[in-house]
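Worksheet: the structure to be examined is printed underneath.
In what follows, every heavy atom counts, from backbone to side chain, and hydrogens, waters and symmetry copies are set aside.
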Amino acid sequence: WCCYTTAIDQWTKMSDSIYFRQNSSIYVNLFVSSEVNWTDKNFVLRQLTAFPRESTTNFTINTSFNEVHMTINLRVPSWIVLNESWIEINHLRQKLDLIPSTYIQLPKLNWKPNDEIVYKMAMNIHFESINDNPQLVSILYGPIVLGGLTKQAKVLFNDVNLIRRIQRSSSEILLFETTSVDGTRIQFLPLYEIVNQTYTVYFPIQ
C-alpha cells in the first residue's frame, strides 16, 4: 500500500481486466469508464462512472439488432455495504441478493438498444489491521487506501464514525478528516492522490 513502484507495474494490467467474456456471458470486473465491443455478438456495453468519487456506475447497451441475448454478470466487491446497495435495469429496482466476493447475474437476458443498468455499490470507512498487531491499522474507504497527511503517525480513536467525509461533489477528490487522540486534526486523501506531501498509511488506535 505504501509502495508506488510496485503499483506502477499493475496499471497496464487494468485495461485487460475490466471485462471478461465466455460463450454468451460478459463479466464486469472493474468500475471504470470504458466500452467493450463484442463484435461477434453485435453487442456493445458502455460504462460511465466517476468511481470511487461516487459509488454508482452506469451501463448502456448498444446493438444494431432489435434484441440480443447476453448474460451480464456484475462483480460484487468484498467491501460493498449490502443494505445500501442496489441494481436498477431501465429505472426498475431489481430484487437481487448481492453476495460479497461473487458475481451477480442480472435477470434480464435479452437486451435492446439503449437499455440501461445502474449499479449502486455503497462504500464506508473501515479499518484494516496489520497481521501481527490489531491495534495498528490502515484506513480504507471501500477499496481505497487513504493516506493521512501528517509527519508522524498519530494515535486515533477506535471509532471509524469519527472520520468525516468532507468531499462535496464527485468533481472533487475524496477528502476525509478526523481528530487524533492528542487533538491534532488530520486530513486523509486516497493514496493515489498524494503527491509531494508527507503522509502515513498506518495508525495506532486506542
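- In terms of heavy-atom proximity, L82 sits nearest to L98 at CD2-O, 3.2 Å.
- Nearest heavy-atom pair, P100 versus I80, reported as atom, atom and distance to 0.1 Å: CG-CG2, 4.2 Å.
- Applying the side-chain hydrogen bond (donor to acceptor under 3.5 Å, both in side chains) rule to pairs touching residues 94-109 yields N29-Y103, sequence neighbours excluded.
- Taking the side chain as every heavy atom from C-beta outward, T49 and V32 never approach each other to under 4.5 Å.
- The salt bridge (Lys or Arg N to Asp or Glu O under 4.0 Å) contacts involving residues 132-142 comprise nothing, where partners must be two or more places apart or lie in separate chains.
- Every residue meeting the side chain to side chain donor-acceptor pair (under 3.5 Å) condition with N110, not counting sequence neighbours, appears here in chain and number order: H69.
- With T60 contributing its side chain and N114 its backbone, the two residues share no donor-acceptor pair below 3.5 Å.
- Inter-residue side-chain proximity for L106 and L74 is flagged as met; some heavy-atom pair is nearer than 4.5 Å.
- Among residues at least two apart or in separate chains, salt bridge (Lys or Arg N to Asp or Glu O under 4.0 Å) pairs with a member in residues 144-164 are K154-D182, R164-E177.
- Applying the salt bridge (Lys or Arg N to Asp or Glu O under 4.0 Å) test to residues at least two apart or on different chains, the pairs with a partner in residues 53-67 are R53-E193.
- In terms of the side chain to side chain contact (heavy atoms under 4.5 Å, CB included) criterion, residue partners of L48 (sequence neighbours excluded) are, by chain and number, S33.
- Residue pairs satisfying the side-chain hydrogen bond (donor to acceptor under 3.5 Å, both in side chains) criterion with at least one member in residues 75-86, sequence neighbours excluded, are absent.
- For the pair W38 and R21, the minimum side-chain heavy-atom distance is below 4.5 Å.
- R165 pairs by the salt bridge (Lys or Arg N to Asp or Glu O under 4.0 Å) definition with nothing, not counting sequence neighbours.
- In this structure Q22 satisfies the side chain to side chain contact (heavy atoms under 4.5 Å, CB included) test together with Y27, sequence neighbours excluded.
- Remark: D40 engages no residue in a salt bridge (Lys or Arg N to Asp or Glu O under 4.0 Å) (not counting sequence neighbours).
- Applying the ring-ring contact (aromatic ring centres under 6.0 Å, His included) test to every pair with at least one member in residues 156-190, sequence neighbours left out, gives these pairs: Y141-F176, F188-F203.
- Contacts of E88 classified as salt bridge (Lys or Arg N to Asp or Glu O under 4.0 Å), with partners at least two apart in sequence or in another chain: R93.
- With contacts defined as side-chain heavy-atom distances shorter than 4.5 Å, the pair V68/W111 qualifies.
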Before you tell me yes or no, could you show the steps for F59 and V28 under side chain to side chain contact (heavy atoms under 4.5 Å, CB included), namely the whole-Å CA-CA distance, both residues' side-chain angles and the distance that decides it to 0.1 Å? CA-CA 10 Å; F59 300 91; V28 180; 3.9 Å; yes
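- H126 contributes a side-chain N or O that, together with a main-chain N or O of N124, makes up a donor-acceptor pair within less than 3.5 Å.
- Two residues are said to be in side-chain contact when any heavy atoms from C-beta on lie closer than 4.5 Å; M70 and S25 fail this criterion.
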